[in-house]
Amino acid sequence: QVQLVESGGGLVQAGDSLRLSCAASGRTIITYTVGWFRQAPGKEREFVAGDSWIGGSTYVADSVKGRFTISRDHAKNMVLLQMNSLKPEDTAVYYCAARLSSVISTEGYEYNLWGQGTPVTVSS
């Protein structure tokens with residue numbers, strides 16, 4: 001079974017950058033599609049970005065397009081979310097999730113593996 005652990009969250013100012021990591025243990029996630037989701041206080045969970053195990057296939061939500069980038073570090077069995085030009089509205093708990101499919105889904109219920117989340121707070 002794969003376990004996912006997120007890290008890299010924190011308190012930053014608007015315009016700053018953060019890089020979140022999703023480390024997988026238990027087995028390789030090379031054949032998993034991985035998604036990043038976030039949930040702000042009082043709001044529903046939102047898809048942020050996804051990376052298919054088929055190389056080169058990624059998808060980023062319009063709300064973060066041009067600012068966030070998802071990538072993999074195969075050697076470390078890890079998926080990264082580079083977040084640039086952060087805005088106060090990016091404040092949320094960020095979760096990584098994985099599914100045994102080549103398709104990037106924006107629906108959280110289609111992912112069966114989840115990490116515990118890492119909080120990101122962006123001050124204005």
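Sequence positions, counted from 1, serve as the residue numbers for this chain.
Between the CG atom of Asp16 and the NZ atom of Lys87 there is a distance of 14.5 Å, given to the nearest 0.5 Å. Atom-to-atom distance recorded for Ile54:CD1 and Thr31:OG1 is 11.5 Å, nearest 0.5 angstrom. Atom-to-atom distance recorded for Cys96:SG and Gln116:CD is 8.0 Å, nearest 0.5 angstrom. Atoms OG1 and CD1, on Thr58 and Ile70 in that order, are 7.5 Å from each other to the nearest 0.5 Å. Here the CD-CZ distance, from Glu46 to Arg38, works out to 4.0 Å after rounding to the nearest 0.5 Å. To the nearest 0.5 Å, the span separating OG1 on Thr91 from CG on Leu86 amounts to 8.5 Å.
The minimum heavy-atom distance linking Glu6 with Gly117 is given by the pair OE1-N, 2.9 Å. The shortest heavy-atom contact between Ser124 and Ala14 is CA-CB, 4.4 Å. Shortest non-hydrogen contact noted between Gln3 and Gln1 is NE2-O, 3.2 Å.
Checked by atom type and distance alone, the side chain of Ser105 pairs as donor or acceptor with a backbone atom of Glu107 at under 3.5 Å. With hydrogens and angles disregarded, no donor-acceptor distance shorter than 3.5 Å links the side chain of Ser52 to the backbone of Ser57. Using a distance-only test at 3.5 Å, with no hydrogens or angles considered, no donor-acceptor pair links the side chain of Tyr111 to the main chain of Thr33. Between the side chain of Asn77 and the backbone N or O of Ala24 there is at least one donor-acceptor pair closer than 3.5 Å. Without hydrogens or angle criteria, Ser123 side chain to Val12 main chain gives a donor-acceptor distance under 3.5 Å.
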Carefully, step by step, assess Phe68 and Asn84 under the rule side-chain contact (heavy atoms from CB on, under 4.5 Å). CA-CA 6 Å; Phe68 290 13; Asn84 298 328; over 6 Å; no
Can you list the steps and then say if Leu4 with Tyr95 is a side-chain contact (heavy atoms from CB on, under 4.5 Å)? CA-CA 9 Å; Leu4 304 175; Tyr95 301 89; over 6 Å; no
Residue pair Lys65, Asp62: steps toward the salt bridge (Lys or Arg N to Asp or Glu O under 4.0 Å) verdict: CA-CA 5 Å; Lys65 194 167 292 182; Asp62 288 343; 3.1 Å; yes
Taking it one step at a time, do Gln82 and Ser17 satisfy side-chain contact (heavy atoms from CB on, under 4.5 Å)? CA-CA 8 Å; Gln82 179 66 42; Ser17 297; 3.9 Å; yes
Output, in order, the C-alpha distance, side-chain angles, deciding distance and verdict of side-chain contact (heavy atoms from CB on, under 4.5 Å) for Thr118 and Leu20. CA-CA 8 Å; Thr118 185; Leu20 304 185; 4.0 Å; yes
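In this structure, Val60 is a member of the same hydrophobic cluster as Val34, with clusters built from ILVMFWY side-chain heavy atoms closer than 4.5 Å. A single hydrophobic cluster is seen to contain both Trp36 and Val122, as judged by linkage of ILVMFWY side chains at heavy-atom distances under 4.5 Å, directly or through other members.
Using a 4.5 Å heavy-atom cutoff, the side chains of Tyr94 and Met83 are in contact. A 4.5 Å side-chain heavy-atom check between Arg67 and Asp90 finds at least one atom pair inside the cut-off. Side-chain contact between Trp53 and Tyr32: absent, with no pair of heavy atoms (C-beta onward) separated by less than 4.5 Å. At least one side-chain heavy atom of Phe47 sits less than 4.5 Å from a side-chain heavy atom of Tyr59. Using a 4.5 Å cut-off on side-chain heavy atoms (C-beta onward), Thr69 and Leu81 make no contact. Proximity of Ile30 to Arg72: side-chain heavy atoms (C-beta onward) are nowhere separated by under 4.5 Å. Side-chain atoms of Ile29 and Val2, non-hydrogen and from C-beta on, do get closer than 4.5 Å to each other. Side-chain contact between Val103 and Arg99 is present, with heavy atoms from C-beta onward closer than 4.5 Å.
The aromatic rings of Phe37 and Trp114 sit tilted, their planes meeting at an angle between 30° and 60°.
Shown here are the side chain to side chain contact (heavy atoms under 4.5 Å, CB included) partners of Ser71, two or more places apart in sequence or in another chain: Leu80.
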